[in-house]
Amino acid sequence: MGIVHTDVVVVGGGHAGCEAAAAASRCGAQVILVTHRLATIGALSCNPAIGGIGKGHLVREIDALDGLMARAADRAGIHFKVLNRRKGPAVHGPRAQMDRALYAAAIRDLLAACVNLTLHEAAIEDLLVDATRRVNGVVCEDGTQIHAGAVVITTGTFLHGTLHTGGEQRPGGRIGEPAAIGLGDRLTRLGLPMGRLKTGTPPRIRRSSIDWDGLEADWGDAEPEPMSVLTSAISRPQLACRVTATGKATHDIVNASMHLSAIRNGQITSAGPRYCPSIEDKVTRFPGRASHQVFLEPEGLESDLVYPNGISTSLPANVQLALVRSIPGLRHAEIVQAGYAVEYGFCDPRGLHASLEARTVRALFLAGQINGTTGYEEAAAQGILAGINAARLAGRQATASISRATAYIGVMIDDLTTAGVTEPYRMFTSRSEFRLSLRADNAPSRLTALGQRWNVIGEERLRFAASESEALAAARLAAETIRHSPTAWRRLGIRTRDDGRVTTLFDVLSNGSLAPDDKERACALLVTDDRTIRALCHDAVYHRVAVRQSSEIRAAELEHETAIPEHFYAALPGSFSSNTRRILMAYRPHSIGAAARLEGMTPAAVAGLMHAVSSCPR
C-alpha cells in the first residue's frame, strides 16, 4: 500500500488500453498501465484476426498515428488477405489472421520499448474524484493509490461482466477472468449513463480432431500485403483456412435446443452485434437458409486450437458438441473450450466529448467496448485518441479531436458521441460520406502530419513519411510531365481513348477501367518502387472525386472545428423552436457538424445554431 504519482493512468490491458498507454507515452507523459493480469496483455479474446472491411481502414489509421496494432499484426500474421479486391481501392479491406501467442508477445515487446511506461498488475476498485468532479487518480484493490493528471478507462467486456453458457451464469469479463465490479459501481455512482450490451464467441476445436481432407482450402494472398507501412515484407510462413458449412442437421439441433440458449430464452435481454450474430440468431432470422458458411481458422502455427468462425453460441456445452459434429469435417471434433456469451456494462457514449473525455467528470477518458463498440480495431482506434488526449490534458494542453472528413476514427467517434448506440457499434466503409477519399492506403497522408502536431509520432515514422511523401510527389510530377497523343500511346502499347487529345500519364492512370496489361506498361514508364506506383495509381483513379469533394470536406471540417461549449446548453436562446430545443437538449452535440447530423435538425435550425454559438461567450 502507498501513494504513487504519474501523469496518466490507463486501466485495462486490452487493445484500447495498450494503444492508449503507448500513445500517451509517445506524447511524453509518464504512464502507468494497470491491468488485473499482466499475462493477458494483448490477448485476442475472440476472433484471431485483425482488420477487414472498414476495420482494416482503422488499423491503417492507427498505424498512421504510430500505433501498435498494425506492427504487431505484421509480426504475428499467418494468413494475409485484402478483402474487396474486385471493388475499387477505396473499399479494399486489409485483413490478417494472427498466431494468438505471437500477437500478444508482439504487443508486449512494443509496450516494453515505450519510454515512460510502467505496467502494474492490480484490480482497480475506485477512482479518486475531487469536489469539482475531476478525477485525480485510481485506487487499487490492495489500497494503493495512483495519483494522475488524467485517467483512461478501457475495461472491455469486464465491467459487471456475466458469462452465459446455456443456463449457467457466472461473473467474468472473459473465460477464466473476473469481472470489474467495484469500478462499475463507481462509474454508476458518478452518474455516468450506463447500459448493458452482449457479445459472444464460438467453441474452440482441437485441430487434430478435424477431418481436413475434402474441405475447401481458403488461402491468403500469394504476396501478403503488410498492415503497417513500416513493414517491408511478410516473411513468416502462411497457413490456409478451411471452409465448411452448417446444414439441416445443424439447424435442427439449434431449433430443438433454442429454449436452452441464453441468447434466445430471455436470460440475456441486452442487444448483441447485428453483424456478427450467434448461430441461434442466424437460424432464427434466416429460416429459409439451408446453410451458413463456417471458416475453420487455425489459432497459430504451433497451436492445436481452431476457431470455427460463424458459430458463436451460448447453448449448453453438450449441445455445442452435437452442433459442431453435425458440420462436414467435424464429425469427430473435440471441443477444448465451449463457446459462451458475455453480457457487460457500457457507458452511453453521448456522455463523452469528441476527445473521449466524460462530459460530467473532468480528466476521465473512456475508450473501447465501454463506449458501446465491438471489435479489436474499433477499441484500439478509440484508445489511441484517448491516450493522446489524456497526455495533453495532463500536460495542460487543449484536447484534440478528429473530423469525420479526415478519418474513419473521426467517423466512429462522431457517430458514437452524437447518436449513441442501440447495439455494439461496428465500423463499415458505408458509414462515411467521404469514403472515396478515406482509403486504407492513404491513411499516412491524412493523419501522420496531424499526429506530428500532437507529438505522438516517433522519429522512424516521421522519416519514413517524409520519404514516402517525396517519392509520391516526384512520381506525380513525372506522370504529369509525360504527355502523348492517342497515336503515341498506342505505339507504346497502351490503349487510350481515341479522341485526338494529348493526355498525361496521370490522365491515363486515372482511367479506372484501364486494362491490366495497359496499366502495367504505363506504370513501367515511371522509375520508382511498387508501393509508390500503387499509391499514385490510386490517387489518379480518385483524383476527380477528391477535387469534387474537397470543398465538401473543408466545409465538414469547419463544422467539426466549430465547437459548442458545454455552458451553451445552460441557457438556450429563446429564438429556437421547441423541436430544436428538444433535440439539442437530448443530444447536447459537441459541434455544429454533430448537430447538423441529428435527425430533425433543419438547415434553418443549423444556421440559427451557428449564429447563436458564434455569439456565445467562450
* Report yes or no: does R196 contribute a side-chain atom to a donor-acceptor pair with the main-chain N or O of H160 at less than 3.5 Å? => yes
* Close side-chain approach of H590 to D414, heavy-atom, < 4.5 Å -> yes
* **Side-chain H-bond candidate by donor/acceptor type, E177 with H36, under 3.5 Å** => yes
* **Test item: R362 side-chain N/O and T132 main-chain N/O as donor-acceptor pair under 3.5 Å** => no
* Under the 6.0 Å and 45° cation-pi test, does R431 pair with Y425? -> yes
* **R186 side chain near V129 side chain, heavy-atom distance below 4.5 Å** => yes
* To do: Using atom types as modelled and distance alone, determine if a side-chain donor or acceptor of E343 lies under 3.5 Å from a backbone N or O of T162.
  => no
* Looking only at atom types and distance, does a side-chain atom of Y340 sit under 3.5 Å from a main-chain N or O of P202, one as donor and one as acceptor? -> no
* Asked: Less than 4.5 Å apart, any side-chain heavy atom of L352 and any of E357?
  -> no
* Asked: Do the side chains of N371 and L356 get nearer than 4.5 Å, heavy atoms only?
  -> yes
* Asked: Does P589 offer a backbone N or O that forms a donor-acceptor pair with the side chain of Y569 under 3.5 Å?
  -> yes
* **Passing option when I457 is tested against L447, L450, L462 for side chain to side chain contact (heavy atoms under 4.5 Å, CB included)** => L462
* Is a side-chain donor or acceptor of R95 paired with a backbone partner of H79 at a separation under 3.5 angstrom? -> no
* Asked: Within the side chain of R597, is there an N or O that forms a donor-acceptor pair under 3.5 Å with the backbone of G593?
  -> yes
* Structure fact -> For H15 and A43, the nearest pair of non-hydrogen atoms, with its separation, is NE2-O, 3.3 Å
* If a pair satisfies salt bridge (Lys or Arg N to Asp or Glu O under 4.0 Å) and one of its residues is in residues 443-460, list it, with sequence neighbours excluded. => E61-R446
* Is the closest side-chain heavy-atom distance between V139 and T144 below 4.5 Å? -> no
* Compare all side-chain heavy atoms of D126 with those of V138 and state whether any distance is below 4.5 angstrom. => no
* Backbone N/O of M427 and side chain of E378: donor-acceptor pair under 3.5 Å -> yes
* Centroid-centroid distance, H5 to H147, less than 6.0 Å -> yes
* Asked: Given F365, which of L393, V151, T154 fulfils the side chain to side chain contact (heavy atoms under 4.5 Å, CB included) condition?
  -> L393
* To do: Might you point out which heavy atoms bring D7 and A394 nearest each other, and give the distance in Å?
  => O-CB, 3.6 Å
* If only atom types and distance count, is the side chain of D74 paired as donor or acceptor with the main-chain N or O of S228 below 3.5 Å? -> yes
* Give the minimum heavy-atom separation between R426 and T374, together with the two atoms involved. => CB-CG2, 3.9 Å
* Asked: Any donor and acceptor pair, going by atom type alone, linking the side chain of R134 with main-chain N or O of G149 inside 3.5 Å?
  -> yes
* Asked: Hey, do the aromatic rings of F428 and Y275 have their centres closer than 6.0 Å?
  -> yes
* Asked: With a 4.5 Å heavy-atom cut-off, do Q382 and I370 have their side chains touching?
  -> no
* Is any side-chain heavy atom of I53 closer than 4.5 Å to a side-chain heavy atom of V91? -> no
* Over all atoms of both residues, closest heavy-atom pair of L438 and S432 -> CD1-OG, 3.5 Å
